[in-house]
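In what follows, residues are counted from 1 in the order of the sequence shown.
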Amino acid sequence: MKIGILTSGGDCPGLNAVIRGAVLKGIAVHGHEFVGFRDGWRGVVEGDVIELPRTMVRGIAKQGGTILGTSRTNPFENGGGPDVIKAHMDRLGIDAIIAIGGEGTLAAAKRLTDAGLKIVGVPKTVDNDLDATDYTFGFDTAVQIATEAIDRLRTTGESHRRCMIAEVMGRHVGWIALHSGMAAGAHAILIPEQKVSIEQIAQWVKEAHARGRAPLVVVAEGFVPEHMESPHSERGLDTFGRPRLGGIADQLAPELEARTGIETRATILGHIQRGGVPSAFDRVLATRLGMEAIHLVAEGLWGTMVAQRGTDIEHVVFQDALGRLKTVPQKRYDEAAVLFG
């Protein structure tokens, strides 16, 4: 069998480990051939591929990013669609596709599978917001990067007796903010799932300052304070028509300084959270997911994706992975909130 692999959407640590796991198992166990589509769905729509022999994936598990490149191309636009993609697959002798990506990638994969293409999926998102899997690779690395950065902010905050605000990724969910904030000992954690007033945030900051601490606030980019209707965005729209988020920390800093009288600084971590080498946890998880994707191909389980359930790697149909986000439950936020102020 000849299998095409693509990585689509935002990059994250662990993508190369998935590719390696799939290629090594596919060759060693099943004798498959592999090609990689360049730049995600763009390569699929244009039939742009590179060969993926065993030597191509040697030692790449520890590398960040993706050796195949990625993009946010919509495979149903700009001359794409199932007929065009099927024609390229036939021309190149590709029997099936392994699509590695987040909700948008998997939604496109479902539509193409419904149209008759043979596709299986591997979930990818640093936000950890796909409901059908306990963890997605890249999340652990993003949390570690954010935690280290916040620890560094804390030391400079304590030196100047300032309030420090760290903005982390999290468009719809606050898993990165929750985990990195708890790990770093934040005095307030602000996530999209929880509406909080400026007054309450200021109270937490003042309480920490009164104990002689340099207040530390961790906020997800998608956090919406009580006085706002939608997340802060000043960067226009992305290719899917969604607002480019970022900058809520810069909005909060002057508000908190005015209300508390404490000098306040904001830092936006941005794309640094999904760059660099993956953590050991993410390398292992990504490798296992890539290997299990080969099992789905071998069994002809088209329209399904691999998922982590507990410590096991299982599979679910695309439909179960789409349409519902895995948000931070109230209980988890309440646990953290005991430590605020």
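What you find for Ala188 and Trp204 is that their closest heavy atoms are CB-CE3, 3.6 Å. Scanning both residues, Pro278 and Lys62, for their nearest heavy atoms gives CD-O, 3.4 Å. Scanning all heavy atoms of the two residues, the minimum distance from His187 to Pro215 falls at ND1-CA, 3.5 Å.
Ion pairing between a basic and an acidic side chain is recognised when a charged N comes within 4.0 Å of a carboxylate O; Asp11 and Arg274 show such pairing. Taking the charged nitrogens against the carboxylate oxygens, Asp48 and Arg42 do have a contact shorter than 4.0 Å, which makes a salt bridge.
Grouping the Ile, Leu, Val, Met, Phe, Trp and Tyr side chains by contacts below 4.5 angstrom, directly or via other members, places Val122 apart from Val284.
No hydrogens or angles considered: nothing links the side chains of Glu199 and Gln203 as a donor-acceptor pair under 3.5 Å. Side-chain contact annotation: Gln330 with Gln194, donor-acceptor N/O pair under 3.5 Å present.
Residue-environment remark: CG (Leu339) exceeds the threshold of 12 foreign heavy atoms within 6.0 Å.
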* Output, in order, the C-alpha distance, side-chain angles, deciding distance and verdict of ring pair (Phe, Tyr, Trp, His ring centres under 6.0 Å) for Phe340 and Tyr333. => CA-CA 11 Å; Phe340 295 174; Tyr333 188 75; 5.8 Å; yes

* **salt bridge (charged side-chain N to carboxylate O under 4.0 Å, His left out) assessment of Asp129 paired with Lys326** => CA-CA 5 Å; Asp129 60 0; Lys326 182 178 67 185; over 6 Å; no

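Atom CE of Met164 sits about 8.5 Å away from atom OG1 of Thr155, to the nearest 0.5 Å.
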